[in-house]
Amino acid sequence: MALWFHDAIYDVTRSDNEERSANWAKSELLSNGVSEQAAERVYSLVLMTRHSALPVSKDEKVLVDIDLSILGSKEDRFQEYERQIRAEYSFVPGFLFKRKRKAILKAFLERAAIYSTDHFVRLWEQRARTNLQRATDKNAA
């Protein structure tokens, strides 16, 4: 359920999408008979997709790795993703977008590992680092 709800509310002009999605998930689950404990777990997992803390539990690690899987995609797909992100934020002036985007990407590069599970590290860690470095260099204006 956390995967399904993690981007259920997505408004590029707001900074509370994950919190709003987590609240909606919890509310929907509770209103449909899911236990408080399970609803709270989904709520917490959705909040992990803010990427403000490193995942700790196995469920957190898998969820966050899936959320970040685009970073390890093939170069052409990653470049398409970057163009899509820029289009979503077309209202942001270029100089500001580049500065903010670079900071976001650099934060992932500064981690000891981008991914938390052995599976994702093995499959996509190096390609994600290459993609992120290329995009960071591009946004270095």
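Bear in mind the structure is a predicted one, so any value in this text is a computation, not a measurement. The first residue in the sequence is number 1, and the count goes up from there.
- Two residues are said to be in side-chain contact when any heavy atoms from C-beta on lie closer than 4.5 Å; Thr130 and Phe78 fail this criterion.
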Quiz item: Can Arg101 and Glu82 be said to form a salt bridge (charged side-chain N to carboxylate O under 4.0 Å, His left out), step by step?
Solution: CA-CA 10 Å; Arg101 188 70 182 150; Glu82 284 293 293; 2.5 Å; yes
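- Counting only residues at least two apart or on different chains, the side-chain hydrogen bond (donor to acceptor under 3.5 Å, both in side chains) pairs with a member in residues 2-15 are His6-Asp67, Tyr10-Glu88, Asp11-Thr13, Arg14-Asp16.
- Atom CD of Gln133 is separated from atom CG of Asp137 by 4.5 Å, given to the nearest 0.5 angstrom.
- Val121 is linked by a side chain to side chain contact (heavy atoms under 4.5 Å, CB included) to Tyr115, Glu125, counting only residues two or more places apart in sequence or in another chain.
- One N or O on the side chain of Asp65 and one on the backbone of Thr117 form a donor-acceptor pair closer than 3.5 Å.
- The minimum heavy-atom distance linking Asn131 with Glu75 is given by the pair OD1-CA, 4.0 Å.
- Nearest heavy-atom pair across Ser116 and Pro55 is OG-CG, 3.2 Å.
- Distance check, rounded to the nearest 0.5 Å: CG of Leu3 to OG1 of Thr49 gives 9.5 Å.
- Looking at heavy atoms from C-beta onward, Val46 lies out of side-chain contact with Met1 at the 4.5 angstrom threshold.
- There is no path of hydrophobic side-chain contacts, each under 4.5 Å, that joins Val56 to Leu54.
- Arg129 places no side-chain N or O within 3.5 Å of a backbone atom of Leu132 that could act as its donor or acceptor partner.
- The hydrophobic clustering, which links ILVMFWY residues whose side-chain heavy atoms are closer than 4.5 Å, places Phe5 and Leu30 apart.
- With respect to the salt-bridge test (charged N to carboxylate O, under 4.0 angstrom), the residues Lys26 and Glu36 qualify.
- Gln79 is not listed as a side-chain neighbour of Lys138, based on a closest heavy-atom distance of 4.5 Å or more.
- Here the closest heavy-atom approach between residue Glu28 and residue Ser31 is recorded as O-OG, 3.0 Å.
- Both Leu105 and Ile70 are members of a single hydrophobic cluster when ILVMFWY side chains are connected at heavy-atom separations under 4.5 Å.
- Not a single donor-acceptor pair under 3.5 Å links the side chain of Ser27 to the backbone N or O of Trp24.
- To the nearest 0.5 Å, the span separating NZ on Lys61 from CZ on Phe120 amounts to 13.5 Å.
- For the 3.5 Å distance criterion, the side chains of Asn23 and Arg20 fail to qualify, holding no donor opposite an acceptor.
- Here the side chain of Ser21 pairs no donor or acceptor atom with the backbone of Glu18 at under 3.5 angstrom.
- To the nearest 0.5 Å, atom NZ of residue Lys74 and atom CH2 of residue Trp124 are 11.0 Å apart.
- Residues Leu47 and Ile9 fall into different hydrophobic clusters, defined by Ile, Leu, Val, Met, Phe, Trp and Tyr side chains chained together at heavy-atom separations under 4.5 Å.
- Linking Ile, Leu, Val, Met, Phe, Trp and Tyr residues whenever their side-chain heavy atoms come within less than 4.5 Å leaves Tyr43 and Leu45 in two separate clusters.
- Summarising the geometry, atom CG belonging to Leu63 is positioned 11.5 Å from atom OG belonging to Ser44; distances are rounded to the nearest 0.5 Å.
- Note that CZ of Phe95 and CG of Asn139 are 14.0 Å apart. Values are rounded to the nearest 0.5 Å.
- By the 4.0 Å N-to-carboxylate-O rule, Glu80 lies close enough to Arg77 to be salt-bridged with it.
- The minimum heavy-atom distance between Met48 and Glu60, with the atom names listed, is CG-CG, 3.7 Å.
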